[in-house]
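Working notes, structure below.
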Amino acid sequence: LIAGRRSDEFSTSLETTGMLAVRFDPDSPFEMHRETALRGWCACQNQHPASDLEFPKLVLADDTRRTTLATATVGTSPLPLPASLPEICGAEVATAMDALRDHVATATNAFVRALDRLLLTSSSVDAASNPVLMRGNYQQAYTSIAALQAQATHLEHFHLYDKPPTTTSQQEQPQQYQESPKSLDWHIDAGLFLTFVPGWNCDSMDTDTSFWYQGEAVTFPRDSVIIMLGAGAQHWLDTPVPLKATKHAVQLQSGQRRAWYGMMTLVPDNALVQSHPERTFRDMQTAMSDHHETNQKQPVSIGCGAAVESTSTSTTSTTMSRRRLQHVQDPSQCNNQTQFFCWMSCLDIPEPDRIDAYLSEGLDLYCLDPAILASSGNSVSKAVEPCPFGVHNSNCLGQWVPTSPLVPGYDLQRNASNDLEPQFCYGGTSMYMDGFHWTHTVCIIYLFPEWILSSKGKVAIASIMTAFFGALLEFVIFQRRKTVSTMTAGYYRLAASAFFYGTQLTMGYFLMLVIMTYSGPLFMCTVLGLVGGHILFNSKDAFWGQRAALLAKKNGDNTTQRTEHGVPSDESRYGRLSTSLPLTNHHNKDGDLVDVDGETARQMSCCDQRLSTSSEEDAEVPEGITPCCQNDLA
C-alpha cells in the first residue's frame, strides 16, 4: 500500500466495493495487541456489572446491549483513553488498547498517502497545482485527503456488543416471526472512511461473522485492518476517480458477545458537504442529531451505527488550543481576547479572528474534555464536568460548540479593553525553556506559586530582593567563619558550623532556582548581590591589613613586627605574605643556617611559624582560610 505497487487493484477496490483489507507484516505485534485489547475489553464486562462500568450503554433494535468506550483523534494526535480504564480493566488491557490505536492509525495514514497519490496521478490538473477536493464555508481549499485529515476530529470507538439468548417462547414461534432485525441495520457511514479491526468473539475462538455486506456475512483475515469508504468519499469529494461508499450491516447471533474497535475519519466542521444551499459538515451533524431524537432508522450514520450516543461527532472547531507552559490562578491573568482560562492555564482561543462569526452562528467557547463530548452525544454539560474552575486537567481543551442552555459559554469580555491594551505579561512559568528572556511575555513564577511577577513593579521588587538575598548569603558565609573561629573545639563548635552550613546551602539553592528561571534581570541581580556581599564582608581583609602596613612604613618601620620565629605575627598565619621582609637565610632541619632567596625564605618562615604555633593561636584562624604553607604543597 505504501509503495504503491498494486495501484490498479487499489483503485478497483475503491471504485467497486469501497472496501479493502490492509495486512501487517508477519513480524508485527498487531495480532497480539488486537487479541489482548479486545479479549480484555470482553473480560472487563464480565468482571464488572454493567451498572459499575463508566461507559455509555445503548440497547439496539434487536435488544443487543452495546457498551462504548469513546475517544477521538484531533488531526493526527490521539486524545488519551479515560484515566479510569487501567483501574477498571487493567493496565495491560489499557496499554494494548493504545497500541491497537497506533496500529490502526498507521494503516489509516498509509491509506491516506496512497489515496492522495491515486487522486493526483488520475487528475487532469497539472501536478504543480493540486486539484481542490473540498472547500470550506469561508473559501478554504482542501487539496488532499491529508489536509482534510489534519483539520478534523476523528471518532474512535471500542464497542462491546452483548445479544441476549433467545427465550423459549421465541424459539416456539413460527419461522416468519423468528426473523429478528439486524443489530445495526443497513447503513452508510457519514464520514470519509472507517478503519476497523476484525471483531472478536468473546466466548469462543470462532471467526467473527457478524459483519454483513451485500446480503451475506463477511469474514476478514485476523492480521488485517479493514478500510471502508463512507458517504463523504463518494458524495462530498470532487475526485477524478469515482469512489464508492460501502453499505453494510451488523448481525449478532443469539447469545453472542462481540468486541470491536474502529476509527471514523471525518472532515473539518466547516467543510461544505452541500453547495446549494450551502451546508457544512457541522450543519449536517446538527440535523442528524435532531433526526435521531424522533427516528432511529436512517440509512446514513456518523461512525458505525445509528445511535446518537455512539454516532455523533463533536461539533467543535477543528483548530485545537495549542498547549502553553503557563499556569495561572484565575481568568483575570489571561487577556481573554486571544487567550482564555482553561485547566489552570492560558490557552490560545481557537481561531480568534472568527470569534464574532462563531458567536453569530450560535456557538460558544467552552473548556471541556473532547473525548467525553464525543461519547456523550455532544452533551456540553457532561463534557465540562471534568474541567471545573481551579482544576488542573490536561485533557481539557478550548472548543467552539453550539451554545448549551444549561452551561454558559466562556466570557470573552472579562477584563477586556476596547483598545486591546496589552498586559505586561500573561500566564506564568517557573522556567523559560528557550533560553534567557530579558522582557517577560510570560510571567515569572518567583519560587512559590502565589508569587507571580505580573507587573513591572513586581519584577523590580523581586530583583531587589534577589540582590539582597545574594548579599545576605555572603553575610552568612562571613558570619560562619567568624563565629566558628572563636569557639573552642567540641560538639558546640561542630553544631554551630553545621547550622551555618545548612543555612548557607538552603539560601544557595534558592538562588539557584531563581537563576534557573532564565530571567535575564533576575540572573544579573543574583550575580550583583553575591559580588556586592562578597566585597562588603571581605573588605577588612582586603584593605585594612594593607592600611596597617602602609602606616607602619610611613612611621619608618621597614621591618614588620616578628614573633620569636622571625615571621609576621598576624598576617602570615592567614596566608598573607609581606614583600617588605628582607629575609635571605633560614635554618634547615638540622639547625644549620642556609642561604635562600627572599621568596623561599618567606614561604619557609610562614610554614615554620604555622607548625610551631600553639592550638590556641590556631583557633584564631578563620575557617576556610588556607595557611600559606599549603600553597607550596604539590
Side-chain angles (χ1 to χ4, degrees), residues 322-335 339 341-348 390 392 394 415 422-484 496-542 622-624:
R322 179 169 58 91
R323 288 285 183 228
R324 304 183 67 176
L325 295 175
Q326 303 183 25
H327 302 289
V328 298
Q329 303 301 313
D330 57 69
S332 65
Q333 295 176 325
C334 305
N335 65 15
Q339 304 168 331
F341 182 73
C342 184
W343 73 278
M344 301 297 289
S345 302
C346 288
L347 300 183
D348 288 344
H392 188 286
S394 60
N415 294 339
Q423 298 183 25
F424 174 72
C425 59
Y426 300 98
T429 181
S430 57
M431 178 190 295
Y432 291 120
M433 305 302 293
D434 53 351
F436 281 102
H437 283 223
W438 294 92
T439 58
H440 298 158
T441 304
V442 180
C443 303
I444 287 291
I445 298 176
Y446 188 81
L447 297 177
F448 300 99
E450 298 80 8
W451 296 0
I452 299 177
L453 309 184
S454 56
S455 66
K456 291 182 179 179
K458 292 181 179 179
V459 172
I461 293 174
S463 299
I464 295 173
M465 288 176 56
T466 300
F468 174 78
F469 202 72
L472 187 61
L473 173 58
E474 286 294 322
F475 171 75
V476 171
I477 296 174
F478 168 78
Q479 195 65 27
R480 175 192 174 202
R481 291 198 304 258
K482 180 179 178 181
T483 302
V484 172
S497 178
F499 170 78
F500 279 109
Y501 187 64
T503 304
Q504 174 184 333
L505 281 180
T506 302
M507 297 177 68
Y509 277 116
F510 270 121
L511 290 176
M512 180 195 71
L513 293 174
V514 172
I515 289 179
M516 288 179 64
T517 63
Y518 283 90
S519 166
L522 294 181
F523 172 79
M524 292 300 300
C525 288
T526 301
V527 175
L528 290 176
L530 290 171
V531 173
H534 181 79
I535 293 174
L536 177 64
F537 297 110
N538 289 275
S539 58
K540 179 179 180 180
D541 287 342
E623 184 176 346

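By convention here, the first residue in the shown sequence is residue 1.
- E474 CD to Q479 CD: the interatomic distance, rounded to the nearest 0.5 Å, is 13.0 Å.
- Between L473 and G508 the shortest heavy-atom distance is CD2-CA, 4.1 Å.
- Proximity of I535 to V531: side-chain heavy atoms (C-beta onward) are separated by under 4.5 Å at one or more points.
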Evaluate the criterion side-chain contact (heavy atoms from CB on, under 4.5 Å) for residue pair L447 and L513; output intermediate values, then yes/no. CA-CA 7 Å; L447 297 177; L513 293 174; 3.9 Å; yes
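- T517 contributes atom OG1, which lies 5.0 Å from atom CG of L522 (distance to the nearest 0.5 angstrom).
- Shown here are the side-chain contact (heavy atoms from CB on, under 4.5 Å) partners of A467, two or more places apart in sequence or in another chain: C525.
- In Y518, the OH atom is not crowded: 12 or fewer heavy atoms of neighbouring residues, nucleotides or ligands sit closer than 6.0 Å.
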Quick one: do M524 and F436 satisfy side-chain contact (heavy atoms from CB on, under 4.5 Å)? Show the steps, please. CA-CA 11 Å; M524 292 300 300; F436 281 102; over 6 Å; no
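- One finds the CZ atom of R480 at 14.0 Å from the CZ atom of F478 (value rounded to the nearest 0.5 Å).
- Side-chain N/O atoms of T466 and Y446 include a donor and acceptor closer than 3.5 Å.
- Among pairs with a residue in residues 522-532, none fulfils side chain to side chain donor-acceptor pair (under 3.5 Å), at least two apart in sequence or across chains.
- Applying the ring-ring contact (aromatic ring centres under 6.0 Å, His included) definition to pairs two or more places apart or across chains, those involving residues 450-473 are F448-W451.
- Here the CD1 atom belonging to I477 is positioned 10.5 Å from the CG atom belonging to L472, to the nearest 0.5 angstrom.
- Counting heavy atoms from C-beta on, the side chains of M507 and L511 never come closer than 4.5 Å.
- The distance from atom CD1 of I452 to atom OG1 of T429, rounded to the nearest 0.5 Å, is 10.5 Å.
- From M516, atom CE reaches atom CE of M431 across 3.5 Å, with rounding to the nearest 0.5 Å.
- Nearest heavy-atom pair across G435 and H437 is O-CD2, 3.2 Å.
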Decide side-chain contact (heavy atoms from CB on, under 4.5 Å) for F523 and V527; before the verdict, give the C-alpha distance in whole Å, the side-chain angles of both, and the deciding distance to 0.1 Å. CA-CA 6 Å; F523 172 79; V527 175; 4.1 Å; yes
